[in-house]
Peer 1: 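Can you read through this structure? Questions will come right after.
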Amino acid sequence: MNAAGKAARPAVVRGQRPPAEHALRLPPLTLYIHVPWCIRKCPYCDFNSHKAGGALPEQRYVEALLADLATEATAVQGRCLQSIFIGGGTPSLLSSEAYVQLFSGIKRQFSLTDADFEAMEVTMEANPGTVEQARFDGFRAAGVNRLSLGIQSFNDTSLKALGRVHDGQQAALAVGIARQAGFERINLDLMHGLPGQTEQQALADLQQALAFETGHLSWYQLTIEPNTLFWSQQPELPDEEVLWAIRQQGTALLQSQDFEQYEVSAWGRPGAPCRHNLNYWQFGDFIGIGAGAHGKITQAASGQIERRWKKRQPDGYLAALDLCRAGEQQAFVAGERRLNAAELPLEFMMNALRLSEGVPADLYQARTGLSLKALQPVLAQARHQGLLADDRTQLRATGQGLLFLNQLLELFCPEPDH
């Protein structure tokens with residue numbers, strides 16, 4: 001059956017956690033920090049971002065982040081921190097002084113030297129509309145060593161349609177400012193399939209991005225998500241024929257410049273992949289702090305995998321600081337749950353199969369504690385449909401599987417309870 005068809009899928013074996021000799025190994029640990037404020041909310045954005053009204057309470061927010069981190073650190077004592085990613089929102093709205101204080105607290109919490117910290121990948125998302133040379137100089141001096149610039153497009157008409165606060169000239173200027181501040185690792189975040197966008201306009205955006213020689217691009221199609229302005233007031237988007245042409249010609253252009261698509265929406269030259277994001281896709285552990293941040297932690301004693309998320313509204317998150325100081329350990333937590341054995345196949349595959357090269361087959365057991373043997377009927381079905389590569393040493397989607405990734409992942413969904 002071809003990838004566009006439907007077929008009955010074999011049931012994912014629920015099973016119990018395997019015996020001790022198959023226990024998982026603790027994966028790498030990273031830290032995600034969420035800054036929830038933006039200058040204004042973009043109509044396509046479904047992230048936890050909120051329009052900043054006046055001066056930001058950055059001192060209190062940093063104190064809340066460090067208190068949040070201290071409560072999380074009890075579950076990861078003795079483990080090394082591999083990388084940090086600061087997302088949003090617009091993290092570059094906070095001052096460099098705020099990041100100096102925040103990073104100092106992180107170093108104390110994990111017993112990191114300045115050299116240890118500088119050796120880590122520390123990424124910050126930044127909006128070109130908030131770029132100033134002095135601010136970027138300060139971010140680099142504080143310890144940020146990788147930038148992800150939310151360009152989206154260099155075309156002023158497209159940027160206006162997206163509700164962005166910057167124009168094409170500011171986008172180009174931001175790259176130069178980042179380089180002058182000493183950033184050697186820069187990602188440009190670029191979208192295609194924008195309202196009213198032609199094939200030529202999309203490729204012109206990509207060519208301009210490539211001209212900056214940053215070595216890493218996030219290049220992906222705009223999708224209309226629920227709970228956004230575009231969902232209720234949908235713009236006119238390019239038709240499927242134009243979208244396919246953009247994807248095909250853009251891929252050829254990137255490959256001609258030695259860029260490899262190492263993940264569904266990420267392209268990089270050799271040595272350029274984002275190490276922090278690779279940990280997500282390889283089902284690693286990560287602490288999440290900040291308003292609405294999510295985390296995933298493997299318990300050292302039991303091997304149980306737990307997901308936890310924080311209070312979403314900035315005011316509620318900030319109010320939790322006083323509760324935490326009064327001794328409430330779960331003050332910042334909005335919810336948490338432990339993953340059961342039936343959920344783990346999908347949880348693992350929805351990350352690992354985003355990678356073009358996939359992951360070694362034995363990583364499934366190392367990260368979940370479950371034997372891959374129980375999934376053989378499902379894997380066989382996926383290979384039969386042409387969605388999974390016929391490779392017993394590697395779990396890897398085929399080119400067709402990457403195009404129809406949702407259909408591939410459906411095979412790993414747990415059977416509903418009756």
Side-chain angles (χ1 to χ4, degrees), residues 42-45 125-129 131 147-179 185-225 228 230 234-274 277 354-356 397-405:
C42 295
Y44 61 86
C45 178
E125 292 181 339
N127 185 328
V131 170
L147 277 182
S148 181
L149 293 172
I151 302 293
Q152 314 313 352
S153 175
F154 292 97
N155 183 292
D156 288 348
T157 301
S158 292
L159 289 168
K160 185 175 181 180
L162 292 173
R164 302 296 287 175
V165 299
H166 67 276
D167 58 26
Q169 184 177 5
Q170 287 173 309
L173 182 63
V175 183
I177 289 176
R179 284 218 167 99
R185 301 189 66 205
I186 301 171
N187 169 62
L188 302 185
D189 199 287
L190 203 66
M191 296 195 296
H192 59 83
L194 307 180
Q197 188 179 53
T198 66
E199 176 186 336
Q200 292 74 22
Q201 288 171 334
L203 293 174
D205 270 347
L206 192 54
Q207 287 169 335
Q208 188 161 356
L210 288 168
F212 287 109
E213 296 282 344
T214 60
H216 193 283
L217 293 174
S218 296
W219 187 63
Y220 53 96
Q221 183 181 322
L222 169 67
T223 56
I224 306 300
E225 303 292 346
T228 66
F230 274 0
Q234 295 207 9
E236 185 174 347
L237 300 178
D239 60 32
E240 286 299 324
E241 185 176 341
V242 173
L243 292 173
W244 180 254
I246 291 171
R247 192 178 304 119
Q248 291 294 97
Q249 293 194 43
T251 295
L253 177 59
L254 284 160
Q255 290 174 340
S256 73
Q257 300 296 311
D258 297 324
F259 277 77
E260 296 181 355
Q261 185 180 17
Y262 69 93
E263 189 265 344
V264 168
S265 61
W267 294 76
R269 286 182 170 150
C274 176
N277 287 342
R354 290 181 62 92
L355 291 168
S356 299
T398 61
Q400 194 174 23
L402 287 171
L403 284 175
F404 296 93
L405 188 57

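Just so it is clear, the model here is predicted, and its values are computed rather than measured.
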Peer 1: Can you find a heavy atom in the side chain of Tyr262 that is under 4.5 Å from one in the side chain of Cys274?
Peer 2: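 Side-chain contact under 4.5 Å: yes.
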Peer 1: Check whether Asp189 reaches the backbone of Ser148 with its side chain - one donor and one acceptor, N or O, closer than 3.5 Å.
Peer 2: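 Not at all, since once roles are kept as given, no pair shorter than 3.5 Å links the two residues.
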Peer 1: For the residue pair Pro128 and Leu173, establish whether any side-chain heavy-atom pair is separated by less than 4.5 Å.
Peer 2: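 No, side chains not in contact.
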Peer 1: Are any side-chain N or O atoms of Arg164 and backbone N or O atoms of Gly150, one a donor and one an acceptor, separated by less than 3.5 Å?
Peer 2: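 Yes, because the side chain of Arg164 sits within donor-acceptor range (under 3.5 Å) of the backbone of Gly150.
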Peer 1: Strictly distance-based, threshold 3.5 Å: is any side-chain N or O of Asp167 a donor or acceptor partner for the main-chain N or O of Asp156?
Peer 2: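 Between the backbone of Asp156 and the side chain of Asp167 there is no qualifying donor-acceptor contact (under 3.5 Å).
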Peer 1: Among Glu213, Glu260, His216, exactly one meets side chain to side chain donor-acceptor pair (under 3.5 Å) together with Arg269. Which residue is that?
Peer 2: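 The single option meeting the side chain to side chain donor-acceptor pair (under 3.5 Å) with Arg269 is Glu213.
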Peer 1: Indicate yes or no for a side-chain donor-acceptor contact from Gln255 to the backbone of Asp258 under 3.5 Å, with no hydrogens or angles considered.
Peer 2: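 No; zero donor-acceptor contacts below 3.5 Å.
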Peer 1: Would you say that Leu237 contacts Ile224 through its side chain, given a criterion of any heavy-atom pair below 4.5 Å between the two side chains?
Peer 2: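 With C-beta onward as the side chain, the pair touches.
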Peer 1: State whether the side chain of Gln208 and the backbone N or O of Ala204 hold a donor-acceptor pair below 3.5 Å, judged by distance alone.
Peer 2: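 Side chain of Gln208 to backbone of Ala204: no pair is present.
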Peer 1: Assign the ring pair Trp219 / His192 to parallel, tilted or perpendicular, where the plane angle (0 to 90°) is split at 30° and 60°.
Peer 2: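 Trp219 and His192: tilted rings.
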Peer 1: Does Gln248 use its side chain to pair, donor to acceptor, with the backbone of Ala245 at less than 3.5 Å?
Peer 2: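 No, Gln248 side chain to Ala245 backbone: no donor-acceptor pair under 3.5 Å.
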Peer 1: Side chains of Ser265 and Glu263: do they bring a donor and an acceptor to under 3.5 Å?
Peer 2: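 Side chains of Ser265 and Glu263: pair found under 3.5 Å.
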